[in-house]
Amino acid sequence: MGRGPETGASAAIPRRIKDASGLPHLFDAMRKSGFDRQTLSKFAFDNWLRVFALTWKNGPPS
């Protein structure tokens, strides 16, 4: 189970990542740690597409 704000826990985001604009640094570190292209794609894109598809069942809001 994840621990996030809903449980009263807080997570420190590394300075180098800081916000969404720093995610390429995270993916570079994951790649250097041995994550393969398919796994990185799941983290970077596929999961977002899945969430969007579930959220916008009839397409994006107009």
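Quick note: residue numbers are just sequence positions, from 1.
Heavy atoms from other residues, nucleotides or ligands lying under 6.0 Å from CZ of Phe27 number more than 12.
Hydrophobic side-chain contacts under 4.5 Å tie Phe45 to no other Ile, Leu, Val, Met, Phe, Trp or Tyr residue. Hydrophobic cluster of Leu49: no remaining members, since no ILVMFWY side chain lies below 4.5 Å from it.
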Donor-acceptor contacts, no H, no angles, side chain residues 12-20, under 3.5 Å, sequence neighbours left out:
residue, atom, partner, partner atom, Å
Arg16, NE, His25, ND1, 3.3
Arg16, NH2, His25, ND1, 3.3
Asp19, OD1, Ser21, N, 2.9
Asp19, OD1, Ser21, OG, 2.5

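Checking side-chain atoms of Ser41 against main-chain N and O of Arg37 turns up no donor-acceptor pair under 3.5 Å.
By the side chain to side chain contact (heavy atoms under 4.5 Å, CB included) test, Phe52 pairs with Trp48, Trp56, sequence neighbours left out. For Asp28, the side chain to side chain contact (heavy atoms under 4.5 Å, CB included) partners two or more places apart in sequence, or in a different chain, are Arg31.
Atom OG of Ser33 sits about 8.5 Å away from atom CE of Met30, to the nearest 0.5 Å.
Among residue pairs with one or both ends in residues 42-53, none qualify as salt bridge (Lys or Arg N to Asp or Glu O under 4.0 Å); sequence neighbours excluded.
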